Amino acid sequence: MAGEIYFDNNATTRVLPEVAEAMLPFFTEHYGNPSSIHRFGSQVGQQIAAARAQVAALIGAADPVEVMFTSCGTEGDNAAIRGMLEARPGKRHIVTTQVEHPAVLGLCQHLEKKGYRVTWLGVDQNGALDLEELRAALTDDTALVSIMWANNETGVLFPVDEIAEIVRAKGIPFHVDAVQAAGKLPIHVKNLPVDLLTISGHKFYAPKGVGALYVRRGITFPPFMIGGHQERNRRAGTENVAAIVGMGLAAEIALGHIAEDSVSVRKLRDRLETLLLESCPDSRVNGDRQNRVANTLNISFRYLEGESILVLLDQQGICASTGSACTAGSAEPSHVLRAMRVPPDWLQGAVRFSLSRFNTEAEVLYVNEKMPAIVKRLNGLSALGRLGNEQRPQNDRGAASGIIGARG
Ligand code: PLP
């Protein structure tokens, strides 16, 4: 099978050809500044307005002015959380979960060091939240609640509607990181008591470097980026026009594909899952198999090292991931799988396959054809490692290495 087989769509997706084409004129003939008074610039501003309406439709916002363009999902998460803290300066408590993307996790850890109190809600073995724990965590001092919609590593979905009702009843602002949900499932913010919601273009076939933050009308939102008057004074900086136009079109296309993709991509993902569980002994799925986005499979291979599997998959032209891009390259086990109390034998051997509408059954079959030999090869190294480890001091375990270091 020639070319790259791409099963890493939660990391990023390819830009649709029609999206790339729609962007091109904004690098060439339509290069005006949308803030300019002259028509050459202000016509570009109209294209931004059109993209705003397209993005508003994707998330079901009542009014496009509630959509503010950002540079990425990380910026949206930062702007939402920092904005709510600034809007409510007397309040020093944040509620979030242990399984957030580093864009929220890292910021909240930073804020903890700055003196904020953070409640880190745990999850069960399926990756589900305990809503009673959430209820009990909310106090008069809580400045905001920030909880993701779909987990980037496992695909597990949190019940955003139920969470929103609980949080709204206490009058606390609620931010949702919907970066892995947008374009994959229907979102209707106008019917949800959600105050802020982050999305990122490159997860639904738009380019990297553009995102959006939904800010519900009426919410006090001190800007994170301060300077010019762009984005109604909420996000200063000359707009990334081409990327915004691309994101608008990608949003419109995604909206038209959600129903169809959630059936066809799920079918393909489930086929991959069933085949791998059958062909690879000692494999298991991490996370709730029902309550998941359609495209994500997080599967562990017992005793193995996920990164070693990725290297061997890569040699066969297959792109996958161990989970969060930020965890890749580090030997640390995933914080998400640890929070789910995945047993030690299975913790290191997780691989995430995240599909798109461009994957085919032939690709699924190809992965399944290659995987058993990879597992067998690494199992041999791992067994050697385990044998070696028995003669080693405890703190040296796992040093007997395979490709990167098969774990014992
Ligand atoms: N939140 C989640 C759940 C994500 O999966 C990601 C990226 O993978 C982000 C936030 C950050 O988005 P970006 O890469 O656009 O900064």
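We count ligands from 1, going down the list as the structure has it; atoms in each ligand are counted the same way. What you see is a predicted model; the values in this text were computed from it and never measured.
For atom 1 (N) of ligand 1, the nearest protein heavy atom (residue, atom name, distance) is Asp177 OD2, 2.6 Å. Of the protein's non-hydrogen atoms, the one nearest atom 5 (O) of ligand 1 is Gln180 NE2, 2.8 Å. Looking from atom 8 (O) of ligand 1 to the surrounding protein, the closest heavy atom is Lys203 NZ, 2.6 Å.
Between Arg52 and Glu231 a salt bridge is recorded (basic side-chain N to carboxylate O distance below 4.0 Å). Under a 4.0 Å N-O distance rule, the pair Asp345/Arg302 qualifies as a salt bridge. Arg271 has a carboxylate O that lies under 4.0 Å from a charged side-chain N of Glu361, or vice versa, which qualifies the two as a salt bridge. Contact check on Glu75 versus Arg235 returns a salt bridge, with a Lys/Arg side-chain nitrogen under 4.0 Å from an Asp/Glu carboxylate oxygen. Remark: Asp8 engages Arg352 in a salt bridge, criterion side-chain N to carboxylate O under 4.0 Å.
For Arg168, the salt bridge (charged side-chain N to carboxylate O under 4.0 Å, His left out) test picks out Asp195, with sequence neighbours left out.
At a 4.0 Å cut-off, not a single heavy atom of Glu100 sits close enough to ligand 1 to count as contact.
Pairs passing the salt bridge (Lys or Arg N to Asp or Glu O under 4.0 Å) check and including a residue from residues 258-267, sequence neighbours excluded, read Asp261-Arg357.
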side-chain contact (heavy atoms from CB on, under 4.5 Å) for Ile172 and Leu138? Distances and angles first, verdict last. CA-CA 8 Å; Ile172 298 167; Leu138 305 177; 4.0 Å; yes

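Of the heavy atoms in Ser200, only side-chain atoms (C-beta onward) come closer than 4.0 Å to ligand 1. Residue Asp77 touches ligand 1 through its side chain alone, judged by heavy-atom distances below 4.0 Å.
For atom 16 (O) of ligand 1, the choice among Asn78, Asn10, Thr12, Thr74 with the nearest heavy atom turns out to be Thr74. With His202, His101, Glu153 as candidates, the residue nearest to atom 2 (C) of ligand 1 on a non-hydrogen basis is His101.
When each atom of ligand 1 is checked for a heavy atom of Met148 under 4.0 Å away, the hits are 3 (C). Atoms of ligand 1 found under 4.0 Å from any heavy atom of Asn152 (numbered from 1 in listed order, with element): 3 (C), 5 (O).
For ligand 1, the polar-atom distance check against Gly73 finds a nitrogen or oxygen pair separated by under 3.5 Å.
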